[in-house]
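So the structure is just underneath, and the comments pick up after that.
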Number of protein chains: 2
Amino acid sequence: MRKRKTPYGLFESRAKVAKALAHPSRLMILDALEEAPHCVCELTELVGADQSTVSKHLSVLKSAGLIQGRREGSLVWYSLSVSCLKGFWNCIDGVLKNDVDVRRQALKK
Amino acid sequence: MRKRKTPYGLFESRAKVAKALAHPSRLMILDALEEAPHCVCELTELVGADQSTVSKHLSVLKSAGLIQGRREGSLVWYSLSVSCLKGFWNCIDGVLKNDVDVRRQALKK
DNA sequence: TTCGCATATGGCCGTATAGCCATATCGCCA
DNA sequence: TGGCGATATGGCTATACGGCCATATGCGAA
């Protein structure tokens, strides 16, 4: 096996981003932000959890570098910082769609 | 806020994929598999953890639909099932690079 | 079939995460 | 400045995850 060239630290950084993506509520938030910026109150209503919970989710997404917040009066408007999510999920969703078939094939062996 | 059209189940499926990506060792494994298929023994050496630990990591990746295993004799060769990871991380790594600057900007306000 | 290597699984423990409630902070406005 | 709505943070508990060891399973060779 060839010597690995990628430093371990990079995998840790990436893992942090992936962790931020690893929750349905946060993915729902990101999905909403694809459309337009939203304030915390809107996102709280969307997710349907406690406001403090949503605030923590946003904090996770922000510290992962995926979103940014901009205060305007008493509201904070969050928006996406990255453009690659949509394309990524398109690809992944395709894999998920094929998943049933793949498993069926795997069972045949 | 416009009514959400994406079903919650999809976010849960995506979250499962993201969870699978949310560990440096698993990312290291995926990175190695970009290059070529590898057997468990090779990946165990690469990761530097217990064989049982690596096997569990592989199981997580497999059930997320990201890799597939193919037994050949007593070895099992794992390979990627998806092609979108490389591009995704390219984009994300870019964000991570800018992260320092972004934070510096954020502090200025 | 029996042994031995490669891989998978079960069990256990320590740590991390999500959730809520309570409360602190921030900005506006009177 | 004091009060109020919006957002963030601290504290707590329950659950999930990662790690290892021990052990089970799969497969080829003798």
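Computed from heavy atoms alone, side chains included, the values below leave out hydrogens, waters and symmetry copies.
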Strictly under 4.0 angstrom, non-hydrogen atoms only: write out the protein contact profile of nucleotides 16-24 of chain C, one letter per nucleotide from the 5' end, B, S or -.
-SSBBBB--

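- Legend: salt bridge (charged side-chain N to carboxylate O under 4.0 Å, His left out) pairs involving residues 17-29 of chain A, not counting sequence neighbours: none detected.
- Side-chain N or O atoms of B:Glu42 include one that pairs as donor or acceptor with a backbone N or O of B:Cys39 at under 3.5 Å.
- Ring geometry, B:Phe88 versus A:Phe88: the interplanar angle falls under 30°, so the pair is classed parallel (tilted spans 30 to 60°).
- Put simply, CD on A:Gln68 is 17 Å from P on D:dT7, counting in whole angstrom units.
- With rounding to whole Å, A:Leu61 atom CG is found 16 Å from D:dT7 atom C1'.
- Rounding to whole angstrom units, NE2 of residue A:His38 and P of D:dT7 are separated by 13 Å.
- Between C:dA6 and B:Tyr78, no contact under 4.0 Å exists linking OP1 or OP2 to a side-chain N or O.
- Counting only heavy atoms from C-beta outward, the side chains of A:Leu30 and A:Leu21 approach each other to under 4.5 Å.
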Heavy-atom contacts, protein to nucleotides 25-30 of chain D, under 4.0 Å, summarised as B (base), S (sugar-phosphate only) or - (none) per nt, yield -SSS--

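- Although no hydrogens or angles enter the test, the distance criterion places no donor-acceptor pair under 3.5 Å between the side chain of A:Lys62 and the main chain of A:Tyr78.
- In this structure, the CH2 atom of B:Trp77 is 12 Å from the P atom of C:dA6, given to the nearest Å.
- When all heavy atoms of A:Leu61 and A:Ala20 are compared, the closest pair comes out as CD2-O, 3.7 Å.
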